[in-house]
Structure formats: C-alpha cells, structure tokens
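Just so you know, these numbers come straight off a predicted model, no measurement behind them. Quick note: residue numbers are just sequence positions, from 1. For the numbers below, each heavy atom of this structure counts, side chains included, while hydrogens, waters and symmetry mates do not.
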Amino acid sequence: QQNYSILSEVDIKQRQEDDINRVSTVLSISKSEACVLLRNYNWSVSKVHDEWFADEERVRKIIGLPEKHMELPNDREVTCGICFESCPRGTMSAAACGHPFCSTCWRGYISTAINDGPGCLMLRCPDPSCAAAVGQDMINALADDEDKEKYGRYLRRSYIEDNRKTKWCPAPGCEYAVEFVMGSGSYDVNCNCSYGFCWNCTEEAHRPVDCATVSKWILKNSAESENMNWILANSKPCPKCKRPIEKNQGCMHITCTPPCKFEFCWLCLGPWSEHGERTGGFYACNRYESARQEGAYDESERRREMAKNSLERYTHYYERWAANQSSRQKALGDLQSLQNDKLEKLSDIQSQPESQLKFIIEAWLQIVECRRVLKWTYAYGFYLPEHEHAKRQFFEYLQGEAESGLERLHQCAEKELQVYLEAESPSKDFNDFRTKLAGLTSVTRNYFENLVRALETGLNDVGPSTSHGTCSKSATSKSLGGKSKSGKNRASSTSSKSGGSNRGLDDSNIWTCDQCTYANPKSARACQACDRQHG
C-alpha cells in the first residue's frame with residue numbers, strides 16, 4: 001500500500017491556498033495575515049490554531065501582526081521615512097503599523113529583499129524600530145512582475161521545505177514534491193519522474209540496507225581511507241625522505257626520485273652501499289631474511305598484510321556493487337528504448353496489440369528493481385560481522401540464488417526477446433515465450449521480496465552454529481521462492497566466487513516446472529507460478 005502522494009506544482013499551489021483559506025476563515029483574519037502566520041509556524045494549520053487560541057496577543061506580537069491597522073496621516077502630502085521627500089498621500093503606502101514610505105522606496109526595499117533570497121518571506125517594516133510584518137498583499141501591490149514571481153516561488157518552496165511531512169524529490173531537475181505518511185512502514189518512494197529514493201535519508205532507494213549502513217558505505221566509497229590503504233599495502237616509505245614508493249621493477253635496488261635520490265634495498269630498507277653479492281645480490285637480501293626470522297619486521301609486515309586484505313575485501317564488494325549499478329543503468333536505457341519504439345515494432349511483427357505486451361515492460365521494471373536490491377546486498381555483506389560465519393554463509397547462499405534467478409530473467413528479457421524482434425513474421429512459439437517470461441518475472445519478484453524481508457530482519461532464521469545455519473538454509477530457501485536446477489549451478493558458481501558455500505543443498509524435495517522453470521515443493525500437484533499440472 002502506497003504511503004505517500006506525489007505533488008505537482010499545481011497541487012502544491014492548491015494545497016497552500018486551501019491551508020491559507022482555512023486559517024483565514026477560522027481566525028477571521030485576512031489571507032495575507034494567515035499566510036504570514038502559517039509561514040512562521042512551518043505551515044502547520046493545527047499549530048497555528050493551538051498557538052492563536054492559547055494566546056492571540058503574544059502570537060501577534062511575535063509574528064508582527066498589529067491588532068489595529070494604523071492609517072496614513074490625513075494630510076495632502078506625507079514625508080517618506082526613507083528618502084525624506086514629501087509625496088502626495090496617494091503615492092504612499094504602509095504596513096499595518098502605519099509607517100509611511102513612497103512607492104519608489106518600497107519597490108526598492110522589496111526588490112532588494114527578494115533578490116537576497118528566501119529571507120524575504122520574513123520581511124518587516126523598513127522602520128528600524130518597527131517589527132510589523134510585510135505580507136504578500138503588499139508584495140503584489142508594490143513589486144514588479146519578476147519580483148512577484150520570485151516571491152511566489154520562494155513561498156511555494158517554503159511550503160514544501162518547512163513542512164516536516166513533505167520533501168522535494170532529490171532527482172536532478174525534478175520539480176515534484178512528495179507528501180509522506182509517517183510511521184507507515186517502508187521509506188521507499190517512487191517519484192513520477194521514475195526516480196526512487198528513501199524518504200528518511202533522501203539517498204536513492206536502498207532496501208534491504210538501513211540508512212546508517214548506506215551512509216557509511218557512501219562515505220567509504222568517497223573517503224581517502226582506501227587510498228591510504230592502497231599506499232600502505234603497495235608501497236614503502238623512503239628511509240631518508242619518507243615519501244611512499246611503489247616498486248615497478250624486479251630488482252631490489254631502489255632509487256628515490258629527485259631531489260632525494262637515496263639508494264636503498266627494497267626488502268630491508270637499508271642503504272644500497274652496504275649491499276652486494278655477500279648480502280644476496282640484486283634479487284634477495286640475507287640481512288632482511290635473518291632480521292625477519294628474528295622478528296624485526298613482524299609489525300610492519302603485519303600492518304601491510306592487514307591493509308592488503310582489507311583493500312582486497314573492499315574491492316571485492318565494491319566492484320560487484322558498481323557492476324550491478326551499471327547493469328541497472330543499462331536496463332533503464334533498454335526499458336526506455338523498448339517503450340519508445342521496440343514495443344510498437346514487436347506489436348507489428350507478432351500481430352499483437354501493445355496492451356497484450358505489457359508483460360515485457362513488467363519484466364524489465366522487475367529487472368531494474370532487482371538490480372537495485374542486489375546492488376545493495378553487497379553493501380549489506382560488507383558490513384556483516386566477520387565472526388558470524390553461519391549467517392555469512394547463509395547470506396552468500398541467498399545472494400547467489402538471487403543473482404542466479406535475476407540472470408535467468410534478464411537473459412530471457414534481453415536475448416530471447418531479441419529473436420522475436422528480429423523475426424519477419426509472427427512466431428508460433430511467442431505465447432510460450434510470454435508464459436515463460438511472465439513466470440520468471442513472478443518467481444523473481446517473489447524471491448526478491450522475501451529476500452528483502454529476510455535481510456531486514458537480520459537473517460533471524462540462522463542460529464549461532466554452522467549446522468543450524470545449514471539446516472535453516474534449506475527451510476528458508478523454500479520460503480524465499482525455491483530454485484530451479486539451472487539456477488542451482490549458477491548460484492553455486494556465484495557463491496563460490498564470493499566465498500560462500502552451498503553445502504547441504506538438495507534437489508530431491510523439489511520439481512521444476514517445464515513451462516516457467518519455477519521450483520516447486522515436491523508435495524505441490526500444480527506449479528505455484530503458472531498453475532501447470534505436475535506429471
């Protein structure tokens with residue numbers, strides 16, 4: 001169930017007007033004063049009502065709304081409080097406080113405030129001793145068209161940015177806003193511009209990973225710490241000037257760059273002048289070997305090895321995170337191309353209305369979403385505690401199964417669809433392709449939805465021991481949606497690449513549907529994905 005609503009500029013204007021009218025009617029004040037009140041209380045109608053009825057006088061004083069509107073002096077000519085020129089009374093204007101200023105000075109004062117930014121929404125009377133608010137009615141009466149448009153834009157942005165229930169979509173160039181119902185489950189939002197983001201942290205949608213993990217992962221990707229780890233793992237400091245040096249040739253004779261030019265041994269970092277055939281020659285160092293056996297280099301070697309392992313582990317997860325991000329972007333491009341022209345072409349070739357080809361769009365939308373989920377599972381895996389071996393093993397198995405299932409769907413939607421796009425006449429087996437792709441889409445959707453739930457609950461099915469984890473693996477894999485025989489082999493290779501294990505997996509309790517490749521429990525008489533009868 002969707003727990004948010006997307007607001008266009010027209011929607012924002014309408015809601016803002018409705019709130020202003022509501023406050024104006026209930027409090028019996030002008031719309032301009034109602035707007036000032038709402039702006040000061042972050043557009044919360046209930047907050048305005050509570051504060052106003054609790055102590056109207058105090059609110060008027062804080063906001064700058066005098067109870068009585070002062071009139072201009074009843075003279076033929078009135079002196080402007082800024083330029084001190086005497087002007088006809090008809091050309092003078094004043095806020096509710098009654099301080100008179102000529103139209104030219106008002107226009108200059110308002111224009112300067114508007115060009116200074118959103119602070120113009122809190123504009124007060126130009127008189128230094130007065131705190132009376134300058135409302136939108138005076139802006140509309142005195143400002144030029146360009147300034148009025150800017151002021152209106154600031155007012156609409158304020159309605160979204162100051163309201164805790166609304167936010168702008170963070171996608172570049174998007175002008176939609178989102179109103180969110182707090183405390184209603186998932187924070188994922190899909191804007192009308194097709195961008196998905198997390199309401200809580202405004203980063204891209206990242207289920208099943210929480211916001212804190214996403215923040216750490218993004219910081220790690222952009223921080224200098226990995227550069228330092230690389231330097232530590234792949235270089236040594238010059239013994240003289242301490243600059244890091246990377247060894248790029250086989251010889252142990254190292255010469256530092258100018259102006260240092262110090263020559264030293266790569267292994268023991270001693271001066272090269274003390275080296276020669278008696279110390280092992282150009283490709284070895286007996287001094288280093290003997291010192292190492294005595295423990296002289298243990299600490300530095302240990303630090304270098306730790307840095308290297310840390311870097312390799314991070315690179316493993318980052319490369320796969322980035323690869324899925326790249327695949328997702330490519331899938332988005334393919335989906336757009338399909339919607340723009342390929343679907344129409346396929347409709348002509350296969351003699352089927354476009355309305356009956358929606359299953360292809362649904363498959364690609366599912367691929368895009370699953371790529372996003374799979375991408376963030378690598379950040380999840382990176383921060384999974386090292387000591388929880390059973391949980392890690394179980395996670396890597398589930399991740400491998402998810403990757404395998406997604407690859408089957410992606411290949412069907414990409415490669416097999418191409419055959420029908422290149423056909424010259426309607427294909428007899430197109431309906432079989434429809435059944436297969438729709439079945440794979442359904443299976444993959446179910447698996448990934450359950451995978452997300454399992455990861456969000458912290459893989460609670462896994463106990464502290466490895467044996468428990470292996471037993472839970474079989475039970476939970478069924479609840480996540482099962483697997484196909486072809487998927488098992490791919491998952492095995494995927495898991496082994498990421499250091500996982502598939503011990504204890506058994507196909508004896510499942511059967512695979514010939515129609516849609518869905519893996520069903522042995523007890524099921526019909527396929528749970530396409531209802532095809534078994535045997």
Side-chain angles (χ1 to χ4, degrees), residues 4-70 93-98 106-107 109-111 113-126 130-169 175-182:
Y4 59 88
S5 52
I6 309 297
L7 307 177
S8 65
E9 187 175 352
V10 174
D11 297 328
I12 296 167
K13 277 184 181 179
Q14 187 60 53
R15 287 184 180 227
Q16 194 173 39
E17 282 295 321
D18 290 345
D19 287 348
I20 290 171
N21 289 335
R22 192 178 306 125
V23 170
S24 173
T25 302
V26 173
L27 304 186
S28 300
I29 56 177
S30 68
K31 288 185 180 180
S32 177
E33 289 175 322
C35 183
V36 171
L37 269 174
L38 283 164
R39 172 67 187 81
N40 277 270
Y41 286 104
N42 295 331
W43 300 95
S44 172
V45 174
S46 59
K47 182 73 172 172
V48 168
H49 289 165
D50 291 344
E51 294 292 326
W52 183 270
F53 291 119
D55 193 340
E56 178 185 338
E57 186 178 345
R58 184 182 68 84
V59 170
R60 283 186 175 276
K61 186 175 181 180
I62 292 172
I63 305 303
L65 298 177
E67 192 166 355
K68 292 183 179 179
H69 285 232
M70 304 297 292
S93 300
C97 56
W106 264 118
R107 196 169 291 113
Y109 176 68
I110 289 171
S111 180
I114 290 174
N115 288 320
D116 281 346
C120 63
L121 299 177
M122 307 294 284
L123 199 61
R124 300 298 175 109
C125 172
C130 180
V134 176
Q136 192 175 13
D137 54 345
M138 293 199 69
I139 303 295
N140 291 337
L142 298 167
D144 59 35
D145 290 341
E146 184 181 351
D147 286 339
K148 280 191 280 190
E149 184 182 344
K150 278 186 184 178
Y151 186 88
R153 197 157 57 243
Y154 287 141
L155 202 62
R156 285 192 296 278
R157 294 200 71 85
S158 164
Y159 184 76
I160 299 301
E161 292 163 12
D162 294 340
N163 189 336
R164 66 185 184 87
K165 294 180 180 179
T166 55
K167 286 180 183 177
W168 294 107
C169 170
E175 296 184 354
Y176 287 106
V178 180
E179 183 180 49
F180 194 82
V181 180
M182 303 299 288

Enquirer: Kindly indicate whether the side chain of Asp147, heavy atoms from C-beta on, has any atom under 4.5 Å from the side chain of Ile139.
Expert: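 Answer no - side chains too far apart.
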
Enquirer: Between CG of Leu155 and CD1 of Ile160, what distance do you get to the nearest 0.5 Å?
Expert: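 Spacing of CG (Leu155) from CD1 (Ile160) equals 11.0 Å.
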
Enquirer: Does this structure show an ion pair linking Lys148 with Asp145, if we count only N-O contacts that are shorter than 4.0 Å?
Expert: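 A salt bridge is present here (some side-chain N lies under 4.0 Å from a carboxylate O).
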
Enquirer: Start with the C-alpha distance between Leu123 and Tyr151, add both sets of side-chain angles, then the distance that settles side-chain contact (heavy atoms from CB on, under 4.5 Å), and finish with yes or no.
Expert: CA-CA 11 Å; Leu123 199 61; Tyr151 186 88; over 6 Å; no

Enquirer: Within a 6.0 Å radius of atom CD on Glu146, are there more than 12 heavy atoms belonging to other residues, nucleotides or ligands?
Expert: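 It does not: Glu146 CD has 12 such atoms or fewer within range.
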
Enquirer: Are Asp162 and Arg39 within salt-bridge range, i.e. N to O under 4.0 Å?
Expert: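 Yes, this pair counts.
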
Enquirer: Report yes if some heavy atom in the side chain of Ser30 is under 4.5 Å from a heavy atom in the side chain of Asp137; otherwise report no.
Expert: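 When only atoms from C-beta onward are counted, Asp137 and Ser30 do not touch, as no gap falls below 4.5 Å.
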
Enquirer: What are the two closest heavy atoms between Ser158 and Leu121, and how far apart are they?
Expert: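 Taking Ser158 first and Leu121 second, the nearest heavy atoms are CB-CD1, 3.6 Å.
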
Enquirer: Report yes if the side chains of Ile62 and Asn40 come closer than 4.5 Å at any heavy-atom pair, otherwise no.
Expert: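 Counting from C-beta outward, Ile62 and Asn40 never come under 4.5 Å.
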
Enquirer: Let me confirm one number: the CZ-CD distance from Arg156 to Glu9, rounded to the nearest 0.5 Å.
Expert: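 Between Arg156 CZ and Glu9 CD, I get 4.5 Å after rounding to 0.5 Å.
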
Enquirer: Can you tell me if Asn163 uses its side chain to pair, donor with acceptor, with the backbone of Lys165 under 3.5 Å?
Expert: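 Checking the backbone N and O of Lys165 against the side chain of Asn163, a donor-acceptor pair under 3.5 Å is found.
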
Enquirer: Does the side-chain contact (heavy atoms from CB on, under 4.5 Å) test come out yes or no for Val59 and Leu65, once each step is laid out?
Expert: CA-CA 8 Å; Val59 170; Leu65 298 177; over 6 Å; no

Enquirer: What's the verdict on side-chain contact (heavy atoms from CB on, under 4.5 Å) for Glu33 and Val23, showing C-alpha distance, side-chain angles and the deciding distance?
Expert: CA-CA 9 Å; Glu33 289 175 322; Val23 170; over 6 Å; no

Enquirer: Would you check if there is a donor-acceptor pair between the side chains of Asn21 and Ser24 at a distance under 3.5 Å?
Expert: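 Not at all, the side chains of Ser24 and Asn21 share no donor-acceptor pair under 3.5 Å.
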
Enquirer: If you compare all heavy atoms of Gln136 against all heavy atoms of Ser32, which two are closest, and at what distance to 0.1 Å?
Expert: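 Reported closest heavy-atom pair: N-OG, 3.3 Å.
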
Enquirer: Report yes if some heavy atom in the side chain of Val26 is under 4.5 Å from a heavy atom in the side chain of Val45; otherwise report no.
Expert: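 Of all side-chain heavy-atom pairs linking Val45 with Val26, none is under 4.5 Å.
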
Enquirer: Relative to each other, are the rings of Trp106 and Tyr109 parallel, tilted or perpendicular (30° and 60° limits)?
Expert: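 Perpendicular: the ring planes of Trp106 and Tyr109 meet at over 60°.
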
Enquirer: Using 0.5 Å steps for rounding, measure from the OG atom of Ser5 to the CZ atom of Arg15.
Expert: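 Spacing of OG (Ser5) from CZ (Arg15) equals 4.5 Å.
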
Enquirer: Rounded to the nearest 0.5 Å, what separates atom CG in Asp19 from atom CD in Gln14?
Expert: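 If I round to the nearest 0.5 Å, the distance is 10.5 Å.
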
Enquirer: Determine, step by step, whether Thr166 and Ile12 satisfy the side-chain contact (heavy atoms from CB on, under 4.5 Å) criterion, reporting the C-alpha distance in whole Å, the side-chain angles of both residues, the deciding distance to 0.1 Å, and the verdict.
Expert: CA-CA 10 Å; Thr166 55; Ile12 296 167; over 6 Å; no

Enquirer: May I ask you to say whether Arg153 pairs ionically with Glu149, meaning some side-chain N is under 4.0 Å from a carboxylate O?
Expert: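 Salt bridge between Arg153 and Glu149, a charged N being under 4.0 Å from a carboxylate O: yes.
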
Enquirer: Is the shortest heavy-atom distance from the side chain of Asn42 to the side chain of Lys47 under 4.5 Å?
Expert: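 When only atoms from C-beta onward are counted, Lys47 and Asn42 do not touch, as no gap falls below 4.5 Å.
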
Enquirer: Would you mind reporting whether Glu51 and Ile63 have side-chain heavy atoms less than 4.5 Å apart?
Expert: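 Ile63 vs Glu51: side chains apart.
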
Enquirer: Quick check with a 6.0 Å cut-off and a 45 degree axis cone: is Arg157 positioned over the face of Trp168's six-membered ring?
Expert: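 Arg157 over Trp168 ring: yes.
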
Enquirer: Fit a plane to each ring of Tyr159 and Trp43, take the angle between them on a 0 to 90° scale, and name the class: parallel (under 30°), tilted (30 to 60°) or perpendicular (over 60°).
Expert: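 Correct class here is perpendicular.
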
Enquirer: State the CD-CG distance between Gln16 and Asp11, to the nearest 0.5 angstrom.
Expert: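 Reported to 0.5 Å precision, the distance equals 12.5 Å.
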
Enquirer: Please report the interatomic distance CD1(Ile20) to SG(Cys35), rounded to the nearest 0.5 Å.
Expert: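 The SG atom of Cys35 is 4.0 Å from CD1 of Ile20, to the nearest 0.5 Å.
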
Enquirer: If only atom types and distance count, is the side chain of Asp116 paired as donor or acceptor with the main-chain N or O of Ala113 below 3.5 Å?
Expert: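 No.
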
